[in-house]
Participant: 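Can you keep this structure in mind? I'll have questions shortly.
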Amino acid sequence: AHRLLYDWEQVMHSLTERRALLVGARVPAQRYSDDEIALFEARWWRDWDGQILRAAMKRVLDGRAPTLHRLQMAVLALIVADNQYQKRDAERLAEVTVSIETGTPREDTEKSKARLIFHTAFGDLDVALAAGTRLVEVERRSGNSASLWRALRWISLPMRLLGDQPGAISVLLEAYEQAARLSLRGEMWNAAFYLQGVALDCEDLNLALKWAPIVAELTPDATAHRLRTSEYHYTRARIEFMRGDFRRAREHLEQARSLKTALSPARGEQSLVALDVLLRVRAGEARIPRTLLGRLHRLHLATRDSGVWDFETAALVAGLLHSQKADDALAVNSYYMRVRRSRIVSHPTLSAVQ
């Protein structure tokens with residue numbers, strides 16, 4: 001119940017209390033338990049505790065562990081690897097996951113989840129979409145609402161990055177409306193946050209104006225506790241940037257600095273620095289501070305093989321061109337367009353820079 005409400009503190013408390021009761025009843029500890037997975041998940045979402053990646057990978061690589069346990073650990077480990085841009089670890093996890101033979105429908109489902117997560121972040125978006133389509137079909141038949149909502153959120157990512165904005169919005173609206181009927185505000189926040197992400201990725205001002213206030217209203221129930229206050233001003237800054245009101249965008253950007261510590265630097269800081277650089281370019285500043293542009297370049301190199309960074313890459317290319325570093329700009333743009341660029345048609349900022 002606490003997990004459905006995304007109350008990770010209480011999840012951890014319940015697991016600790018349960019273990020104490022089992023010890024008191026002299027029940028032997030299980031080496032491979034659902035409690036272990038639940039505890040790792042709670043630690044991740046409560047604190048972004050990346051230390052669980054090594055422990056989770058150890059379970060995935062353990063050939064003596066039950067197949068379902070290994071696959072469930074692989075899903076969790078891939079989520080962490082995605083958020084921490086650990087491509088080599090993710091590739092190792094994907095390689096092992098592919099080699100694990102499944103014998104039950106539930107094991108097949110976990111394998112589809114792992115495939116979807118890996119290819120969305122590091123691999124082939126078309127493969128991710130195919131895995132996500134299969135996962136959604138399975139979860140619809142299962143009757144497990146929470147699993148279906150998660151599948152709908154996850155498939156929205158390759159959909160929007162492959163240019164199917166209407167499809168991504170449709171599956172997220174389904175997740176939001178079903179959660180709203182049950183008054184599960186944490187799930188409502190999840191779906192709304194993803195819808196806001198579609199708006200920012202596709203630079204759809206109307207969609208952003210519709211969902212940003214809903215995300216803000218649901219903020220106390222955010223899945224990821226660190227995002228409860230940090231992303232609001234960044235979203236407002238992006239909205240003002242889309243409107244062309246660069247002064248107000250700058251005001252909100254200055255209040256969004258907590259995003260830098262709420263997420264990993266590669267994700268939170270990169271988005272902040274990118275918007276900072278673009279605002280300076282659009283304002284026609286004589287020069288962009290070398291340290292600022294250099295920081296954006298380093299963050300870009302650390303993440304360019306994972307995820308999709310249309311807005312952030314556009315900012316780096318624009319900053320390099322503005323600083324008369326055309327060769328560097330061409331190199332950055334060429335690699336990105338060849339390796340990881342989304343298929344969002346006419347991304348306004350990226351198209352303008354190019």
Participant: Quick one: does any side-chain atom of Lys111 pair with a main-chain N or O of Ile100 as donor and acceptor, under 3.5 Å?
Facilitator: yes
Participant: Is it true that Arg64 and Asp62 make a salt bridge, defined as a side-chain N closer than 4.0 Å to a carboxylate O?
Facilitator: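 Judged by the 4.0 Å cut-off on N to carboxylate O distance, Arg64 and Asp62 do form a salt bridge.
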Participant: Please determine if Glu110 and Lys113 form a salt bridge, counting it only when a charged side-chain N lies under 4.0 Å from a carboxylate O.
Facilitator: yes
Participant: Run the side chain to side chain contact (heavy atoms under 4.5 Å, CB included) check on Tyr6 and Glu187 step by step: do they pass?
Facilitator: CA-CA 9 Å; Tyr6 298 110; Glu187 283 292 352; 2.4 Å; yes
Participant: Ignoring hydrogens and geometry beyond distance, is a side-chain donor-acceptor pair present between Asn333 and Gln354 at under 3.5 Å?
Facilitator: yes
Participant: Look only at the side chain of Ser306 and the backbone of Thr303, and say whether a donor-acceptor pair between them is shorter than 3.5 Å.
Facilitator: yes
Participant: Any idea which heavy atoms bring Asp204 and Leu207 closest together, and the distance?
Facilitator: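 Smallest interatomic distance, heavy atoms only, reads OD1-N, 3.0 Å.
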Participant: Looking at Phe246, is its backbone amide N or carbonyl O close enough to the side chain of Arg282 to form a donor-acceptor pair, meaning the two atoms are under 3.5 Å apart?
Facilitator: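 No: the side chain of Arg282 does not pair with the backbone of Phe246.
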Participant: Is the shortest side-chain N to carboxylate O distance from Arg43 to Asp47 below 4.0 Å?
Facilitator: no
Participant: Is it the case that atom CD in Glu254 sees more than 12 heavy atoms from other parts of the structure closer than 6.0 Å?
Facilitator: yes
Participant: State, to 0.1 Å, how close Leu278 and Ala318 come at their nearest heavy-atom pair, and which atoms those are.
Facilitator: CD2-CB, 4.0 Å
Participant: Group every Ile, Leu, Val, Met, Phe, Trp and Tyr by side-chain heavy-atom contacts under 4.5 Å, then state whether Ile155 and Leu157 land in the same group.
Facilitator: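 Yes: a chain of side-chain contacts under 4.5 Å links Ile155 to Leu157.
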Participant: Give a yes or no on whether a salt bridge exists between Glu217 and Arg185, defined as a side-chain N under 4.0 angstrom from a carboxylate O.
Facilitator: yes
Participant: Between Phe311 and Trp309 (judged by ring centroids, cut-off 6.0 Å), do the two rings come close enough to count as a pair?
Facilitator: no
Participant: More than 12 heavy atoms of other residues, nucleotides or ligands under 6.0 Å from CZ of Arg150: yes or no?
Facilitator: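 Result for CZ/Arg150: enclosed.
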Participant: Dump the intermediate steps for salt bridge (charged side-chain N to carboxylate O under 4.0 Å, His left out) on Arg140 and Glu174, then the final yes or no.
Facilitator: CA-CA 12 Å; Arg140 284 195 192 283; Glu174 178 183 349; 2.6 Å; yes
Participant: Can you confirm if the NZ or CZ of Arg304 lies within 45° of the ring axis of Tyr335 and under 6.0 Å from the centre of its six-membered ring?
Facilitator: yes
Participant: Determine, for Arg250 against Glu240, whether the closest basic-nitrogen to carboxylate-oxygen distance falls under 4.0 angstrom.
Facilitator: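 The answer is no: the pair does not qualify as a salt bridge.
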Participant: Give a yes or no on whether the backbone of Gln10 and the side-chain of Ser14 come within a donor-acceptor separation of less than 3.5 Å.
Facilitator: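 Checked: pair present.
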Participant: Are Glu177 and Arg181 within salt-bridge range, i.e. N to O under 4.0 Å?
Facilitator: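 No, this pair does not count.
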Participant: Counting C-beta onward and ignoring hydrogens, is there a side-chain heavy-atom pair between Ser112 and Val138 closer than 4.5 Å?
Facilitator: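 Heavy-atom side-chain distance check fails, nothing below 4.5 Å.
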Participant: Please name the pair of heavy atoms, one in Leu200 and one in Met242, separated by the smallest distance, quoted to 0.1 Å.
Facilitator: CD2-CE, 4.0 Å
Participant: Please confirm whether the backbone N or O of Glu285 pairs with a side-chain atom of His322, one donor and one acceptor, at under 3.5 Å?
Facilitator: yes
Participant: Are Arg3 and Glu41 close enough for a salt bridge, meaning some N to O gap below 4.0 Å?
Facilitator: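 Between Glu41 and Arg3 there is a salt bridge, with a charged N closer than 4.0 Å to a carboxylate O.
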Participant: What do the steps show when you test Arg243 against Ile239 for side chain to side chain contact (heavy atoms under 4.5 Å, CB included), and what is the final call?
Facilitator: CA-CA 6 Å; Arg243 280 174 164 161; Ile239 287 173; 4.3 Å; yes
Participant: I want to know whether Tyr176 and Trp211 have ring centres closer than 6.0 Å.
Facilitator: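 Yes - the distance between ring centres of Tyr176 and Trp211 falls below the 6.0 Å cut-off.
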Participant: Is any side-chain heavy atom of Tyr232 closer than 4.5 Å to one of Val215?
Facilitator: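 The answer is no, as the side chains (C-beta and beyond) never meet within the 4.5 Å cut-off.
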Participant: Can you say whether the rings of Trp48 and Trp44 are parallel (under 30°), tilted (30 to 60°) or perpendicular (over 60°)?
Facilitator: perpendicular
Participant: List the steps, then state whether side chain to side chain contact (heavy atoms under 4.5 Å, CB included) holds for Arg115 with Thr97.
Facilitator: CA-CA 8 Å; Arg115 188 173 176 84; Thr97 302; over 6 Å; no
Participant: Are side-chain heavy atoms of Gln86 and Leu53 found at a separation under 4.5 Å?
Facilitator: yes
Participant: Side chains of His347 and Glu203: does their closest heavy-atom pair fall under 4.5 Å?
Facilitator: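 Yes, close enough: below the 4.5 Å cut-off.
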Participant: Given the rule that I, L, V, M, F, W and Y join up when any side-chain heavy atoms are under 4.5 Å apart, are Leu301 and Val308 in one cluster?
Facilitator: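 Cluster IDs for Leu301 and Val308 differ.
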Participant: Report yes or no: is the cationic atom of Arg153 (NZ for Lys, CZ for Arg) under 6.0 Å from the centre of the six-membered ring of Tyr194, at an angle within 45° of the ring normal?
Facilitator: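 Geometry flag: set, cation within 6.0 Å and 45°.
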Participant: Got a donor-acceptor contact below 3.5 angstrom from the Arg340 side chain to the Gly307 backbone?
Facilitator: yes
Participant: So which heavy atom on Tyr32 is nearest to which on Ala65, and how close?
Facilitator: CE2-CB, 3.5 Å
Participant: So does Phe241 get a backbone contact from the side chain of Asp245, meaning a donor-acceptor N/O pair under 3.5 Å?
Facilitator: no
Participant: Surrounding CD of Gln30 (heavy atoms of other residues, nucleotides or ligands, distance under 6.0 Å), is the total greater than 12?
Facilitator: no
Participant: Flag the pair Asp164 and Arg343 as a salt bridge only when some basic side-chain nitrogen lies within less than 4.0 angstrom of an acidic carboxylate oxygen.
Facilitator: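 No, no charged N to carboxylate O under 4.0 Å.
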